[in-house]
There are 2 protein chains.
Amino acid sequence: MKYPIRSLEFKNNKLFLIDQRVLPQKYEKFICENYKDVEFAIADMVVRGAPAIGVTAAYGVVLAALEFIELPKKQFLVQMNKACDIINNSRPTAVNLMWAIKRMRTLLVNNDTPKEILQKLKTEADNIADEDVKTNKKMGQYGNSLIPQKATILTHCNTGALATVEYGTALGVVRAAFEDGKDIFVYADETRPRLQGARLTAWELVQEGIPAKLIADNAAATLIRDGKIDLILVGADRIAVNGDSANKIGTFMLSVIAKTYNVPFYVVAPTTTIDFEIETGDEIEIEERSSKEITHIRGVQIAPDNIEVYNPAFDVTPNENITAIITEKGIISKPFKENIIKLK
Amino acid sequence: MKYPIRSLEFKNNKLFLIDQRVLPQKYEKFICENYKDVEFAIADMVVRGAPAIGVTAAYGVVLAALEFIELPKKQFLVQMNKACDIINNSRPTAVNLMWAIKRMRTLLVNNDTPKEILQKLKTEADNIADEDVKTNKKMGQYGNSLIPQKATILTHCNTGALATVEYGTALGVVRAAFEDGKDIFVYADETRPRLQGARLTAWELVQEGIPAKLIADNAAATLIRDGKIDLILVGADRIAVNGDSANKIGTFMLSVIAKTYNVPFYVVAPTTTIDFEIETGDEIEIEERSSKEITHIRGVQIAPDNIEVYNPAFDVTPNENITAIITEKGIISKPFKENIIKLK
């Protein structure tokens with residue numbers, strides 16, 4: 001395969017998602033025919049990554065409209081609002097989900113007929129998807145300006161095409177630097193428990209031919225201390241007004257090591273990941289996921305029966321550990337609060 | 001099962017090891033009938049944990065003597081020295097291996113007949129095994145003096161009965177505190193890539209009924225920052241004279257987080273883990289293991305074909321990140337160098 005990776009596609013009134021649960025051993029499409037399929041796909045991480053979740057949710061609203069199109073307007077709206085609530089609650093941490101649903105919901109409040117609303121919802125979802133790709137390219141450009149020639153870059157989780165519609169956030173910056181001819185090298189954290197680094201980032205890097213090595217999350221600290229990492233690029237699932245950033249579990253740990261050893265630590269995320277309603281990361285709900293993510297890998301049990309598990313999916317990196325936040329509107333430097341508020 | 005876990009047993013001129021590669025789903029014995037089996041068992045991690053490796057190596061020398069017992073003395077010694085070299089090179093980092101082989105080798109340099117040497121080697125290996133259990137109980141006592149009532153303890157890798165002959169080093173301290181009636185709680189790092197925490201520590205904790213939760217290594221940092229961890233107990237594979245300690249990959253990362261958030265970080269290891277011949281951790285050889293440990297879990301491939309891997313098995317925690325070193329001869333405080341030299 002050597003065409004741009006695109007995580008999702010809406011055609012024939014269905015949403016086709018690359019099934020990210022089975023990559024890289026299988027490349028399969030998961031087809032959402034109704035909004036409940038979308039709820040499942042987000043909750044079960046068929047699709048993951050804050051921007052990709054947002055766009056998927058938007059198409060979920062379109063699928064709901066297709067389902068309820070024949071209802072009288074009033075009932076249509078009742079059902080649509082219910083569908084929006086359900087999709088909105090499919091996962092709690094990534095704010096892009098709530099942002100996309102909110103944006104789609106604005107189209108429900110007018111005098112249009114259900115058929116007109118459906119048409120507008122479809123256009124809006126397409127817009128959100130198109131904007132995502134443009135946003136990522138823009139972040140790639142800004143981010144690339146920070147990447148030295150011959151840089152060795154550490155990544156965590158998957159922040160690539162699969163986490164977005166195309167191209168990626170933090171991995172989009174890697175793509176931009178590579179396309180720019182920079183002789184870069186990537187160390188990719190495997191990112192337990194869901195192994196998005198091993199399964200998805202490694203797959204994207206191999207597809208692109210970007211020189212890279214996969215490591216256990218435990219190996220990152222020594223590389224950082226030993227001066228083998230020039231910079232760290234991570235994504236975000238929600239950014240508070242003060243710059244505190246929720247991202248995949250393990251990001252906070254990396255940020256502490258980076259700060260201790262003076263390695264630049266960049267968060268790469270679209271402004272849709274900023275939650276202007278929360279002042280600090282303390283207000284971010286951290287999703288706890290199934291213990292099976294820890295006790296089983298690909299259906300194979302690794303831990304003993306009867307062991308309890310604590311499995312938070314995200315952690316919060318405090319603003320003081322972040323060097324800068326790379327958005328499609330530019331690179332946000334400190335003081336974060338002052339500069340983030342300007343973006344509202 | 002509710003008898004003390006014992007990682008190895010020598011009987012009928014064979015060494016019976018609990019096969020730690022298949023725990024906890026299978027409880028099987030791996031039988032070493034000759035010293036090459038021992039070399040394989042150590043290299044392939046049938047048995048692991050610095051003290052357990054040392055005792056296994058000692059019995060490997062006994063098995064070599066059994067193999068070569070009928071040779072004339074001169075040839076016997078040639079073969080025995082070759083066997084010692086081979087076992088000695090089975091893994092590079094844990095110094096207990098070299099220590100045990102060196103101790104066994106002293107019995108080769110005398111006027112005894114091969115049969116007399118065999119007898120002495122057997123007695124010496126038994127002594128090393130017995131001493132290990134006593135040493136662990138002693139470390140447990142010293143360590144327990146540092147454990148507050150209701151302490152929540154974080155562990156990394158497996159440092160229990162399976163890493164030793166019985167009882168354990170860092171997990172031996174946990175056992176001692178639990179036996180003492182302290183109302184403790186353990187968070188166990190799963191410890192990628194080999195998952196000794198998920199597979200072995202979790203199994204020992206369930207066997208003992210010690211309240212515990214298993215976590216991804218990535219989740220430890222947030223628990224530490226949020227004040228949920230009272231202290232961290234880890235083992236060691238080699239300790240330099242200045243206190244720098246090599247241990248399972250990921251230990252160094254924990255130590256940085258612990259230092260940043262002022263959580264006590266204890267290394268628990270017998271004095272046989274101290275390498276008096278090296279001044280600092282810079283001189284410790286760090287084993288790199290197969291990329292398959294990262295790309296496959298229990299035979300199931302998780303990463304794409306063609307991704308390169310960097311897989312160091314250990315890292316070095318600098319002495320400044322260590323609160324104290326708990327040995328069978330007492331608790332070593334700072335200045336480590338001064339206090340470690342006294343133990344020689």
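Just so it is clear, the values below take in all heavy atoms, side chains as well, and ignore hydrogens, waters and symmetry mates. Just so it is clear: chains get the letters A, B, ... in the order the sequence lines come, proteins before strands, and each one is counted from 1.
- In terms of heavy-atom pairs under 4.5 Å with chain B, the best-connected choice from Gly197(A), Ala212(A), Ala188(A) is Ala212(A).
- By number of non-hydrogen pairs under 4.5 angstrom with chain B, the leading residue of Thr295(A), Thr191(A), Ile294(A) is Ile294(A).
- Heavy-atom pairs under 4.5 Å with chain B were tallied for Ala220(A), Pro211(A), Ala221(A); the largest tally goes to Ala221(A).
- Taking both residues in full, the closest heavy atoms of Pro304(A) and Pro24(B) are given as N-CG, 3.5 Å, listed atom of the first, atom of the second, then distance.
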Start with the C-alpha distance between Asp217(A) and Asp217(B), add both sets of side-chain angles, then the distance that settles side-chain contact (heavy atoms from CB on, under 4.5 Å), and finish with yes or no.
-> CA-CA 8 Å; Asp217(A) 305 309; Asp217(B) 305 310; 5.6 Å; no
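- Contact of Asp305(A) with chain B is made through the backbone alone, with heavy-atom distances under 4.5 Å.
- Contact of Val309(B) with chain A is made through backbone and side chain together, with heavy-atom distances under 4.5 Å.
- Ala303(A) and Leu214(B) make their closest contact through CB-CD2, 3.8 Å (heavy atoms, listed as atom of the first residue, atom of the second, distance).
- Residues Val316(B) and Arg225(A) form a side-chain contact, since some pair of their non-hydrogen atoms from C-beta on lies under 4.5 Å apart.
- Across Ile249(B), Asp189(B), Asp315(B), Val300(B), the residue that shares the most heavy-atom pairs under 4.5 angstrom with chain A is Ile249(B).
- Considering only heavy atoms from C-beta on, Glu190(B) stays 4.5 Å or farther from Pro193(A) through its side chain.
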Could you walk me through whether Arg298(B) and Ile297(A) pass the side-chain contact (heavy atoms from CB on, under 4.5 Å) check?
-> CA-CA 9 Å; Arg298(B) 293 255 153 135; Ile297(A) 295 178; over 6 Å; no
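- By the 4.5 Å heavy-atom criterion applied to side chains, Ile286(A) and Thr222(B) are not counted as neighbours.
- Interface remark: Ile215(B) contributes backbone and side-chain atoms alike to the contact with chain A (heavy atom separation under 4.5 Å).
- Residue Ile302(A) touches chain B through both its backbone and its side chain, counting heavy-atom pairs closer than 4.5 Å.
- Proximity of Lys259(A) to Thr260(B): side-chain heavy atoms (C-beta onward) are nowhere separated by under 4.5 Å.
- No other option in Gln301(B), Arg199(B), Lys248(B), Glu293(B) has as many heavy-atom pairs under 4.5 Å with chain A as Gln301(B).
- Interface remark: Gln25(B) contributes side-chain atoms only to the contact with chain A (heavy atom separation under 4.5 Å).
- No part of Asn311(B) comes within reach of chain A, as not one of its non-hydrogen atoms sits under 4.5 angstrom from that chain.
- Residue-environment remark: NZ (Lys334(A)) exceeds the threshold of 12 foreign heavy atoms within 6.0 Å.
- Contacts between Leu223(B) and chain A at a heavy-atom distance below 4.5 Å involve the side chain alone, from C-beta outward.
- Sparse packing is recorded around CD of Glu308(B), with 12 or fewer heavy atoms of other residues, nucleotides or ligands lying under 6.0 Å away.
- Within 6.0 Å of NZ in Lys29(B) there are more than 12 heavy atoms belonging to other residues, nucleotides or ligands.
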